[in-house]
Amino acid sequence: ADYPYVNGGIFEGYLSTADFSGPTLNALLEACRFNWQAVSPAIFGALFESILDPNEQRQKGAHYTSETNIRKVIEPLFLDRFRERLKTMSAKRSVPKAELVRFLKDLSSLSIFDPACGCGNFLVVAYKELRALEIEALQLLYPDQFEMTALDADRLSVRQFHGIELNEFAVEIARAAMWMTDHIMNNDLSAKFGVPYARIPLTESPHIKKADALEIDWSAFVPPTAQTYVIGNPPFIGS
């Protein structure tokens, strides 16, 4: 009764009982005892890739992209522009409230789309970096931290992130990783403002679709706008 209702979807379908040997049970218990708090959810991509044999990995295009390389894509595409805007505002003697509000509104109008998302690494890193900018802007907007309410903080959302992926297991990992990232950033927001903030039960979800990106109309899945960014590291087998 002490646990809040989360609504993560674990009971939506039939789950068969897991059959563990002694070593696999011990491995699970050891993983449960580990403190995962400081581990980025983007690590799930590497874990998923590691269980595939090289031929299967190549056939499915399941190639893990490091956070360093992900930033090489998303920083010049949109992150640097937002960082520069925030840096310019924070350098002013009197931080303009209207500009900060506009900045936060622009963050909430973004639409990020990875048409070959795998376990969602690009989406996870992009969301984490954008939430960090949002928190920094909120700190400028509310120098007296107690002025901010939970409602004020409800701006950027996982619903702004879209992905297409062929592998059903990877789709589920991507959804869970986005929710975990949201929870991590909510905890960071709570710590910085001293205001408990959590978005549970889960009412908003990232749009991760199990499909072949070469066979569906992207614009029907992600309505294109001036603030829509297509990112990712699509699988490619060629010479």
Side-chain angles (χ1 to χ4, degrees), residues 37-38 40-42 65-115 117 120-163 177-199 204 206-207 218 222-233:
Q37 188 171 349
S40 170
T65 308
S66 68
E67 289 198 38
T68 299
N69 286 329
I70 290 171
R71 288 193 179 92
K72 290 177 183 177
V73 173
I74 64 177
E75 285 179 346
L77 191 60
F78 55 84
L79 265 182
D80 286 347
R81 177 165 56 88
F82 280 103
R83 283 175 178 162
E84 190 58 36
R85 279 179 64 185
L86 194 58
K87 182 180 177 181
T88 301
M89 284 187 286
S90 62
K92 295 180 180 179
R93 181 173 298 177
S94 177
V95 182
K97 302 289 186 182
E99 288 185 35
L100 285 169
V101 170
R102 178 64 188 174
F103 178 84
L104 290 166
K105 185 176 181 181
D106 288 345
L107 285 180
S108 67
S109 68
L110 288 172
S111 181
I112 310 296
F113 172 42
D114 184 348
C117 72
N121 288 12
F122 273 81
L123 302 177
V124 163
V125 175
Y127 185 52
K128 182 174 70 174
E129 296 295 328
L130 288 169
R131 281 294 303 273
L133 285 174
E134 178 189 58
I135 292 171
E136 188 177 343
L138 286 169
Q139 287 180 295
L140 291 171
L141 186 60
Y142 299 103
D144 180 357
Q145 63 185 33
F146 299 106
E147 292 179 2
M148 192 197 74
T149 65
L151 182 62
D152 291 321
D154 193 13
R155 298 178 186 274
L156 256 173
S157 167
V158 292
R159 70 175 182 274
Q160 296 168 232
F161 292 76
H162 306 73
M178 286 296 290
W179 276 326
M180 287 179 66
T181 305
D182 187 59
H183 180 65
I184 289 168
M185 299 312 295
N186 290 342
N187 286 344
D188 188 35
L189 181 72
S190 298
K192 284 185 168 65
F193 281 89
V195 178
Y197 181 65
R199 283 195 272 217
E204 297 181 347
H207 302 282
W218 292 5
V222 188
T225 69
Q227 296 298 316
T228 301
Y229 292 91
V230 181
I231 62 175
N233 183 13

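This one's a predicted model, so the numbers in the text were calculated from it and none came from an experiment.
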Who are the salt bridge (charged side-chain N to carboxylate O under 4.0 Å, His left out) partners of Asp80, not counting sequence neighbours? Arg83
How about His162 and Asp114: do any of their side-chain heavy atoms sit closer than 4.5 Å? no
Taking it one step at a time, do Phe161 and Leu130 satisfy side chain to side chain contact (heavy atoms under 4.5 Å, CB included)? CA-CA 12 Å; Phe161 292 76; Leu130 288 169; 4.0 Å; yes
Output the distance between atom CE (Met89) and atom CD (Glu84), rounded to the nearest 0.5 Å. 10.5 Å
Please determine whether the number of non-hydrogen atoms from other residues, nucleotides or ligands lying under 6.0 Å from atom NE2 of His207 exceeds 12. yes
Contact summary for Val222 and Thr228, nearest pair of heavy atoms: CG1-CG2, 4.1 Å
Measure the CE-NZ distance between Met180 and Lys128 for me, rounded to the nearest 0.5 Å. 11.5 Å
Is the backbone N or O of Leu110 less than 3.5 Å from a side-chain atom of Gln160, with the two atoms forming a donor-acceptor pair by type? yes
Under 4.5 Å between any side-chain heavy atoms of Ile184 and Pro41, yes or no? yes
In short, Pro115 meets Trp218 closest at the heavy-atom pair CB-CZ2, 3.5 Å
Rounded to the nearest 0.5 angstrom, the CD-CZ distance for Glu67 and Phe122 is 11.0 Å
Check this for me: does any side-chain nitrogen of one of Arg102 and Glu99 sit under 4.0 Å from a carboxylate oxygen of the other? no
Could you tell me if the side chain of Glu134 sits less than 4.5 Å from the side chain of Met185, heavy atoms only? no
Non-hydrogen atoms of Tyr197 and Ser190 that approach each other most closely: N-OG, 2.8 Å
Is the closest side-chain heavy-atom distance between Leu86 and Leu100 below 4.5 Å? yes
Nearest non-hydrogen partners of Leu140 and Lys97, listed with the distance: O-NZ, 3.8 Å
Which atoms form the tightest heavy-atom contact between Val124 and Ala177, and what is the distance? CG2-CB, 3.7 Å
Any side-chain heavy atom of Ile112 sitting closer than 4.5 Å to one from Ile74? no
Begin with the C-alpha distance, continue with both residues' side-chain angles, and end with the deciding distance and a verdict on side chain to side chain contact (heavy atoms under 4.5 Å, CB included) for Asp182 and Arg131. CA-CA 8 Å; Asp182 187 59; Arg131 281 294 303 273; 2.9 Å; yes
Could you tell me whether Arg85 and Asp106 make a salt bridge, using a distance below 4.0 angstrom between a side-chain N and a carboxylate O? yes
Evaluate the ring planes of Phe78 and Tyr229, with Trp represented by its six-membered ring, and classify them as parallel (under 30°), tilted (30 to 60°) or perpendicular (over 60°). tilted
First locate atom OG1 of Thr65, then atom CD1 of Ile70, and finally report the distance between them rounded to the nearest 0.5 Å. 5.5 Å
Taking every heavy atom of Leu123 against every heavy atom of Cys117, the minimum-distance pair comes out as CD1-CB, 4.3 Å
Just do the side chain to side chain contact (heavy atoms under 4.5 Å, CB included) check on Asn233 and Asn121 with the steps written out, would you? CA-CA 10 Å; Asn233 183 13; Asn121 288 12; over 6 Å; no
List the steps, then state whether side-chain hydrogen bond (donor to acceptor under 3.5 Å, both in side chains) holds for Gln227 with Ser109. CA-CA 7 Å; Gln227 296 298 316; Ser109 68; 4.7 Å; no
If you define the side chain from C-beta out and look only at heavy atoms, does anything of Arg199 sit under 4.5 Å from Val158? no
Can you name the one residue among Val73, Val125, Leu133 that meets side-chain contact (heavy atoms from CB on, under 4.5 Å) with Leu79? Leu133
